Novice: 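Just dropping this structure here.
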Amino acid sequence: NELSVGPEQFDHVEREFDEQESLAALSKLSEAQLDVLALYGSGELSMREIAELIGEPEPTVYSRYRTAIDDVMRDLRRSAAVGRRSSSMP
């Protein structure tokens with residue numbers, strides 16, 4: 001009884017791994033960072049509108065957004081590097 005594994009199954013696993021890694025990286029952000037990321041990511045509000053909505057200065061909102069993006073990208077790069085190292089081990 002051999003299992004037939006086609007490219008579509010590998011694509012699914014790869015997408016799920018990426019999603020899991022992304023969720024893990026996002027889970028490390030503060031609630032304030034997540035709020036700004038979600039509000040700005042919706043594409044419906046400007047940074048100025050978000051600042052007014054949450055009652056923070058606009059530079060603070062920009063800073064939270066930039067820091068959140070930087071933190072998530074750093075975590076994803078780290079995860080990718082660890083994955084490459086472990087897949088190259090004998």
Side-chain angles (χ1 to χ4, degrees):
N1 253 331
E2 280 189 17
L3 293 176
S4 175
V5 179
E8 62 276 10
Q9 282 85 9
F10 286 115
D11 289 344
H12 173 72
V13 169
E14 185 176 311
R15 279 193 308 273
E16 187 163 320
F17 178 77
D18 291 342
E19 184 178 329
Q20 289 175 354
E21 293 296 325
S22 297
L23 290 173
L26 288 169
S27 73
K28 297 175 185 175
L29 299 178
S30 71
E31 187 174 337
Q33 287 174 312
L34 284 171
D35 288 345
V36 170
L37 203 57
L39 290 168
Y40 191 67
S42 73
E44 296 179 17
L45 298 172
S46 68
M47 287 292 188
R48 178 176 296 160
E49 291 169 322
I50 295 168
E52 290 172 8
L53 180 69
I54 65 174
E56 294 287 350
E58 195 172 345
T60 299
V61 175
Y62 273 104
S63 176
R64 286 180 186 167
Y65 179 77
R66 185 74 253 156
T67 302
I69 294 295
D70 289 347
D71 289 353
V72 167
M73 293 305 295
R74 184 177 49 252
D75 280 355
L76 291 175
R77 284 187 196 108
R78 245 186 236 141
S79 294
V82 168
R84 283 192 301 269
R85 278 195 298 255
S86 64
S87 66
S88 66
M89 290 183 174

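All values derive from a computational prediction rather than experimental measurement.
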Novice: Would D70 and R74 pass as an ion pair if we require N to O under 4.0 Å?
Specialist: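 Between R74 and D70 there is no salt bridge, as every charged N stays at least 4.0 Å from the carboxylate O atoms.
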Novice: Measure the CG-OG distance between L34 and S27 for me, rounded to the nearest 0.5 Å.
Specialist: 8.5 Å
Novice: Say you draw a straight line from CE of M47 to OG1 of T60; how long is it, rounded to the nearest 0.5 Å?
Specialist: 11.5 Å
Novice: Do you know the tightest heavy-atom contact between A51 and P57?
Specialist: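 A51 and P57 have their closest heavy atoms at CB-C, 4.1 Å.
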Novice: Looking only at heavy atoms, what is the nearest atom pair of L45 and Y40, with distance?
Specialist: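 Shortest heavy-atom separation between L45 and Y40 comes out as O-CD1, 3.7 Å.
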Novice: Between CG of L26 and CD of E21, what distance do you get to the nearest 0.5 Å?
Specialist: 11.5 Å
Novice: If you look only at pairs with a residue in residues 22-36, which of them pass as a salt bridge (Lys or Arg N to Asp or Glu O under 4.0 Å), with sequence neighbours excluded?
Specialist: K28-D75
Novice: Would you check if V36 and I54 make a side-chain contact, meaning some heavy-atom pair closer than 4.5 Å?
Specialist: yes
Novice: Could you give all pairs that pass the salt bridge (Lys or Arg N to Asp or Glu O under 4.0 Å) test and reach residues 46-57, with sequence neighbours left out?
Specialist: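 For residues 46-57, and leaving out neighbouring residues, the salt bridge (Lys or Arg N to Asp or Glu O under 4.0 Å) pairs sorted by first residue read R48-E58, E56-R64.
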Novice: Are any non-hydrogen side-chain atoms of S22 and V72 less than 4.5 angstrom apart?
Specialist: no
Novice: So do the side chains of L39 and V61 get within less than 4.5 Å of each other, counting heavy atoms only?
Specialist: no
